[in-house]
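This report refers to the structure that appears directly beneath it.
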Amino acid sequence: MNIEEFFQLSTGKWFSHRTSQHLAFNQSEHSKSDIIIETLVVDHPEVVKLCQQYKINPSSASCATKITWNGTMDKDQAKHSGSTMLVSIPDADNPTQGKLLREIVDANKIPVAGRYKFDSDDALILTIEDETIYSEERLWFASPNLRMRVNILKSFGGFSITSFTSEIRMGGFPPAAKTSEAANSVSS
């Protein structure tokens, strides 16, 4: 699998359930969200602008995706919503790994590119590290309509959070599923 296929398989509307464990405080919390993932063309003005923020030639981008979420945390029932954009810049010598640019909403933060790679099970491994945190996330498909994520977040200030997320596709199908569905409806 490559990053373009992974982004394409991820498009659609998802229901997400996350359980997080705050290790230093021995506390857990749950959150639920609706997530919409859509692909963007690499010459989209927002993609070009993001590449320029990272001082990367936009023609190096292989694919882009926009993620929008709306959800609640069980603990406080507060609404959490937002969106971000991801742009992949594959390594020239190994296209199964590369940089992952992420939209930074806080203008005071310096953009830090993450890294992505695929493991032997076709799981996508994302890592981001700056002077304050280290984050590693593993994402994989248990089936075309069930995606899993495990995340470890470590602060150099001393706290750690781990989380497990399951995401169930609620609408929009990956290209292979669309083709199969269309074939089934024609033959019925």
Side-chain angles (χ1 to χ4, degrees), residues 1-16 18 33-69 82-104 111-130 133-153 162-183:
M1 181 168 304
N2 61 37
I3 192 73
E4 294 88 358
E5 292 168 325
F6 196 90
F7 279 3
Q8 191 64 44
L9 289 172
S10 297
T11 60
K13 182 177 180 182
W14 298 83
F15 170 75
S16 174
R18 174 180 289 185
S33 300
D34 288 327
I35 299 173
I36 296 173
I37 302 174
E38 55 190 314
T39 56
L40 299 174
V41 293
V42 293
D43 61 354
H44 189 282
E46 289 181 67
V47 174
V48 171
K49 180 180 175 185
L50 184 62
C51 289
Q52 291 168 342
Q53 287 175 339
Y54 281 87
K55 298 180 179 14
I56 291 179
N57 185 340
S59 67
S60 302
S62 68
C63 60
T65 190
K66 184 172 184 174
I67 304 165
T68 307
W69 62 90
S83 67
T84 193
M85 183 175 37
L86 302 173
V87 176
S88 68
I89 311 293
D91 289 348
D93 58 338
N94 185 354
T96 63
Q97 62 185 23
K99 291 180 184 174
L100 193 66
L101 312 183
R102 183 176 54 123
E103 184 177 29
I104 303 295
V112 175
R115 296 282 309 160
Y116 73 85
K117 66 179 180 180
F118 286 89
D119 69 11
S120 60
D121 294 327
D122 283 336
L124 176 62
I125 310 295
L126 305 175
T127 55
I128 298 174
E129 185 172 9
D130 66 18
I133 64 161
Y134 171 82
S135 173
E136 182 173 309
E137 187 167 29
R138 183 177 193 268
L139 299 92
W140 71 98
F141 287 91
S143 72
N145 295 318
L146 177 61
R147 196 169 86 156
M148 311 288 215
R149 296 190 287 153
V150 175
N151 183 276
I152 299 168
L153 178 67
T162 61
S163 65
F164 172 77
T165 306
S166 60
E167 298 170 334
I168 300 168
R169 188 185 310 272
M170 303 301 289
F173 294 96
K178 280 184 181 175
T179 306
S180 300
E181 187 180 6

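Computed from heavy atoms alone, side chains included, the values below leave out hydrogens, waters and symmetry copies. Note that this is a predicted model, so its numbers are computed, not measured.
- With sequence neighbours left out, the ring pair (Phe, Tyr, Trp, His ring centres under 6.0 Å) criterion links Phe7 to no other residue.
- The two residues Asp34 and Phe15 come nearest to each other via the heavy atoms OD1-CD1, 3.9 Å.
- Here the OG-CD1 distance, from Ser10 to Ile37, works out to 5.0 Å after rounding to the nearest 0.5 Å.
- The line from CG of Asn2 to CG of Leu124 is 10.5 Å long, rounded to the nearest 0.5 Å.
- Counting non-hydrogen atoms of neighbouring residues, nucleotides and ligands closer than 6.0 angstrom, the CE atom of Met1 exceeds 12 such neighbours.
- Listed here is the closest heavy atom pair of Arg102 and Leu50: O-CD1, 3.9 Å.
- Residues Ile89 and Ala61 come closest through the heavy atom pair CD1-CA, 3.6 Å.
- Atoms CG and OG1, from Asp122 and Thr96 in turn, are 10.0 Å apart once rounded to the nearest 0.5 Å.
- Distance check, rounded to the nearest 0.5 Å: NZ of Lys55 to CD of Gln53 gives 9.5 Å.
- Pairing each heavy atom of Pro58 with each of Gln52, the nearest pair is CG-CG, 4.5 Å.
- Residue pairs meeting the salt bridge (charged side-chain N to carboxylate O under 4.0 Å, His left out) criterion with at least one member in residues 137-148, sequence neighbours excluded, are Asp119-Arg138, Asp121-Arg138, Glu137-Arg149, Arg147-Glu167.
- Distance check: Lys117 NZ to Leu100 CG gives 14.5 Å after rounding to the nearest 0.5 Å.
- Smallest separation of non-hydrogen atoms from Tyr116 and Pro90: OH-CA, 3.3 Å.
- Ser143 and Asn145 share no side-chain donor-acceptor pair at under 3.5 Å.
- Looking at every heavy atom in both residues, Ala64 comes nearest to Val47 through CB-CG2, 3.5 Å.
- Side-chain atoms of Ile152 and Tyr134, non-hydrogen and from C-beta on, never get closer than 4.5 Å to each other.
- Considering only heavy atoms from C-beta on, Ser135 comes within 4.5 Å of Asn151 through its side chain.
- Between Gln8 atom CD and Cys63 atom SG the span is 9.0 Å, to the nearest 0.5 Å.
- In this structure, Arg115 pairs ionically with Asp91, as a charged nitrogen and a carboxylate oxygen lie closer than 4.0 Å.
- Judged by distance alone, with hydrogens and angles left aside, the side-chain atoms of Thr65 form a donor-acceptor pair with the main-chain N or O of Glu38 at under 3.5 Å.
- Considering only heavy atoms from C-beta on, Phe6 comes within 4.5 Å of Leu139 through its side chain.
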